[in-house]
> 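I'd like to ask you about the structure that follows.
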Amino acid sequence: MNFPPRSKPSSAASATISEVPDLPSNEMGKIVEQTFERYSSSDEAKRNGSGVAIVWFRNDLRVLDNEALVKAWASSQAVLPVYCVDPRLFGTTHYFGFPKTGALRAQFLIECLADLKRNLMNRGLNLLVQHGKPEEILPSLAKTFEAHTVYAHKETCSEELNVERLVRNGLRQVVLLPSPGQSTSLSSSNHPKLQLIWGSTMYHIEDLPFSTSSLPDVYTQFRKSVESKCTIRICIRTPTSLGPPPNIEDWGSVPSINQLGLHEEKVSRGMRFIGGEAAALSRVNEYFWKKDLLKVYKATRNGMLGPDYSTKFSPWLASGSLSPRFIYQEVKRYEKERQANDSTYWVLFELIWRDYFRFLSVKYGNSLFHQGGPRKVEARWSQDQTMFEAWRDGCTGYPLIDANMKELSATGFMSNRGRQIVCSFLVRDMGIDWRMGAEWFETCLLDYDPCSNYGNWTYGAGVGNDPREDRYFSIPKQAKTYDPEGEYVAFWLPELQALPNDKRNFPGKSYIKQIVPLKFGNITSSGDNDSASARRTAFRGKQRGHMR
């Protein structure tokens, strides 16, 4: 398997940039080949279909454990993989008009598409890249190639569901010629079908012990129920050869960042994530097997600095370059071959949170995006633009907040701990509309998906489904616990590096003026004057929904 050479950061910047995964191209290639071999099937007898089937790639940019791809292969003589560069993905967010997809996530997507195209070609196919709306492109392709079915993975939120509806309606307008032996009187109803497949979660929606309308409103109840009553399906075995593809002269090319209407932004500090399934599989191998970090995940997961305090799987899970079921099987393999402990379980615990938010989006629909959230909480929120921009730009006067926000803008990533803290500060201390924070995260995050992002923000803002929500994260307490030497804030705020370690998070007049006082306590001294109320509530709950 051939990969283009990876550019390495210059020596001057090498100390400040960590590539994830940090493996040479030839080693990544070997990992991908070995992994594909482990999860492949050479049983060609399963293919007994006819004609052409289309695979509509969406947020499932992978070959391994892609049920839509395997079903399309089994039901056809030729598979046409398609990705539609939908201009709506590069528009603006719903309420506040931020860019819907920022440059860093767009670049990650470009890398995912290039890798998907490469992996498909290595298995006898290719990826047709088309610019436009799926509801216009897919019916046209179905008509041209007389495709009997369009296979795709099912989504759950309203924008994606609307596109599914439009595609299905468009396919109904396409009349296929009758196949040999079929009565011509049936041709008027002979339309291409849209076959949607569930494939984004570790637990399959059909295996839940309750309907989504009866989904528990408390995560712990959900987790205990699925753990005791459900089994996790094994990965779908992928045929070693997926060809031949239909005869196409121009397969199109993966777009450049400029073609998407964006300007290139290079990561010059922090972590640079490499997009694509090859990088995703390599990161699993690197974290689990090469560095043997899975055994300490639970103890290190609340870190904030560097690539190895947590798995960092979330960007690839969000793009669908990595299957949660694959992670499950690799955890179980690790437990069998090395050891099982609280850390190996905790990786699965986090994946269950991710599943939970996906299922909640089915239950609660658009209320996830409304100001009052699923519980329809009535509250008065500020939408002060100047205040919000201070938070967005990392200029609040609180080093722990500012460092996290600068990391987000510079890399498209933020730790689990950081997300909890900046959310609490925005909504509890600043009183700003939580949707402004959620939409800014939508712009920036490499691992953005609507279910986890808005589920976490409603949860953190106290408007989510769990009626027990009342969370406040004390900045002094968080700083002293998770950045006691000030290493994290000094990395992102170089002006603090000259201060003594214990002053970096509490710099007083050595740093910019604090934009608001804290709701509980003060950060100007050592943080010891937190109120008892803040201490009681500082560690309630955890922001979940992606593998960090």
Side-chain angles (χ1 to χ4, degrees), residues 1-3 28-58 60-82 112 115-127 147-154 195-207 231-246 276-285 288-289 316-317 320-337:
M1 193 169 289
N2 297 318
F3 295 91
M28 285 175 58
K30 290 178 183 177
I31 290 169
V32 172
E33 288 179 357
Q34 292 168 358
T35 308
F36 275 21
E37 184 177 351
R38 189 182 308 120
Y39 287 89
S40 292
S41 169
S42 58
D43 185 4
E44 306 296 333
K46 293 181 180 178
R47 189 171 204 180
N48 53 15
S50 61
V52 175
I54 292 173
V55 179
W56 170 26
F57 281 95
R58 308 173 75 187
D60 56 336
L61 305 180
R62 66 179 183 270
V63 173
L64 193 152
D65 194 36
N66 190 320
E67 189 171 357
L69 178 60
V70 174
K71 285 198 170 183
W73 172 84
S75 70
S76 69
Q77 292 175 320
V79 175
L80 176 56
V82 181
C112 289
D115 187 70
L116 175 61
K117 191 176 183 75
R118 187 161 49 243
N119 289 337
L120 288 170
M121 291 176 71
N122 285 330
R123 288 186 170 244
L125 287 179
N126 203 329
L127 180 66
H148 55 74
T149 310
V150 174
Y151 289 90
H153 277 112
K154 176 71 176 167
Q195 184 72 42
L196 295 172
I197 295 165
W198 189 269
S200 59
T201 54
M202 185 168 67
Y203 285 100
H204 198 287
I205 194 169
E206 294 176 0
D207 298 337
T231 57
I232 295 169
R233 301 183 184 188
I234 63 171
C235 290
I236 300 294
R237 296 279 171 173
T238 306
T240 53
S241 175
L242 294 165
E277 183 175 19
L281 299 179
S282 296
R283 175 58 181 176
V284 175
N285 183 280
F288 283 13
W289 303 102
W316 297 292
L317 283 166
S321 304
L322 185 61
S323 160
R325 294 191 300 204
F326 169 77
I327 298 174
Y328 171 80
Q329 287 193 226
E330 286 294 290
V331 168
K332 291 302 173 183
R333 185 164 75 95
Y334 182 94
E335 289 181 335
K336 182 178 180 180
E337 296 182 15

> Would you check if the side chain of His148 reaches a backbone N or O of Ser75 as a donor-acceptor pair within less than 3.5 Å?
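Yes.
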> Using only atom types and a distance under 3.5 Å, with no angle test, would you say the side chain of Asn122 pairs donor to acceptor with the backbone of Arg118?
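Checking the backbone N and O of Arg118 against the side chain of Asn122, a donor-acceptor pair under 3.5 Å is found.
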> Can you check whether His204's main-chain N or O pairs, donor with acceptor, with Arg233's side chain at less than 3.5 Å?
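Checked: no pair found.
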> Going by heavy atoms in the side chains, are Leu61 and Trp316 under 4.5 Å from each other?
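Of all side-chain heavy-atom pairs linking Trp316 with Leu61, none is under 4.5 Å.
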> Looking only at heavy atoms, what is the nearest atom pair of Ser40 and Thr240, with distance?
CB-CG2, 4.1 Å
> Do Glu33 and Lys30 meet the salt-bridge criterion of a basic N to acidic O distance under 4.0 Å?
no
> Say you draw a straight line from CD1 of Ile236 to CG of Asn66; how long is it, rounded to the nearest 0.5 Å?
9.5 Å
> Rounded at 0.5 Å granularity, tell me how far OG1 in Thr35 sits from CG in Leu281.
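Here the rounded value is 5.0 Å.
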> Has the side chain of Arg47 got a donor or acceptor atom that lies under 3.5 Å from a matching backbone atom of Gln77?
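Here the side-chain-to-backbone pair exists.
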> Might you point out which heavy atoms bring Thr231 and Tyr203 nearest each other, and give the distance in Å?
O-CD2, 4.2 Å
> Any side-chain heavy atom of Glu330 within less than 4.5 Å of one from Arg333?
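Sidechains of Arg333 and Glu330: in contact.
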> Can you give me the closest heavy-atom contact between Tyr151 and Ile197, atom names plus distance?
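In terms of heavy atoms, the two residues are closest at CD2-CD1, 3.9 Å.
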> Scan side-chain atoms only and decide if Arg62 and Thr238 contain a donor-acceptor pair under the 3.5 Å cut-off.
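No donor-acceptor contact under 3.5 Å links the two side chains.
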> Is a donor on one side and an acceptor on the other found under 3.5 Å between the side chain of Asp60 and the backbone of Arg58?
yes
> Is there a side-chain contact between Trp73 and Val55, using heavy atoms and a 4.5 Å cut-off?
no
> Are side-chain N/O atoms of Tyr328 and Ser323 paired as donor and acceptor at under 3.5 Å?
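Their side chains do not contain a donor-acceptor pair, so the 3.5 Å distance test is not met.
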> Does any non-hydrogen side-chain atom of Leu322 lie less than 4.5 Å from one of Ile327?
yes
> Under the side-chain contact (heavy atoms from CB on, under 4.5 Å) criterion, do Leu242 and Val79 qualify, and how do the steps go?
CA-CA 8 Å; Leu242 294 165; Val79 175; 6.0 Å; no
> Taking atom types as modelled, is there a side-chain donor on Glu337 or Trp289 under 3.5 Å from an acceptor on the other?
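Side chains of Glu337 and Trp289: no pair found under 3.5 Å.
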> Nearest 0.5 angstrom please: Gln34 CD to Arg38 CZ, how far?
7.0 Å
> Which heavy atom of Gly124 sits nearest to which heavy atom of Pro245, and what is that distance?
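Taking Gly124 first and Pro245 second, the nearest heavy atoms are O-CD, 3.2 Å.
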> Answer yes or no: is there a side-chain heavy-atom contact under 4.5 Å between Ser282 and Ile31?
yes
> Taking atom CD1 of Ile205 and atom CH2 of Trp198, what is their separation to the nearest 0.5 Å?
4.0 Å
> Mind checking whether Pro239 and Val70 have side chains closer than 4.5 Å, heavy atoms only?
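Yes, close enough: below the 4.5 Å cut-off.
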> Under the side-chain contact (heavy atoms from CB on, under 4.5 Å) criterion, do Leu64 and Phe36 qualify, and how do the steps go?
CA-CA 7 Å; Leu64 193 152; Phe36 275 21; 3.9 Å; yes
> With a 4.5 Å limit on heavy-atom distance, are the side chains of Val150 and Gln195 in contact?
no
> For the side chain of Arg237 and the backbone of Ser41, is there at least one donor-acceptor N/O pair under 3.5 Å apart?
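Checked: no pair found.
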> OG of Ser321 to CG of Asn119: how many Å apart, nearest 0.5 Å?
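CG of Asn119 is found 9.5 Å from OG of Ser321.
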> Rounded at 0.5 Å granularity, tell me how far CZ in Phe326 sits from CE in Met202.
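These two atoms lie 14.5 Å from each other.
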> Just by distance, do the side chain of Asp115 and the backbone of Ala278 share a donor-acceptor pair under 3.5 Å?
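Yes, the answer is positive, given that a donor and an acceptor are paired below the 3.5 Å cut-off.
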> Please report the shortest heavy-atom distance between Gly51 and Ser76, naming the atom on each side.
O-CB, 3.4 Å
> So does Val63 get a backbone contact from the side chain of Glu277, meaning a donor-acceptor N/O pair under 3.5 Å?
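Checking the backbone N and O of Val63 against the side chain of Glu277, a donor-acceptor pair under 3.5 Å is found.
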> Looking at Pro81 and Phe57, what are the two nearest heavy atoms and their distance?
CB-CE1, 3.6 Å
> Are any of the side-chain heavy atoms of Ile234 and Gln329 separated by less than 4.5 Å?
yes
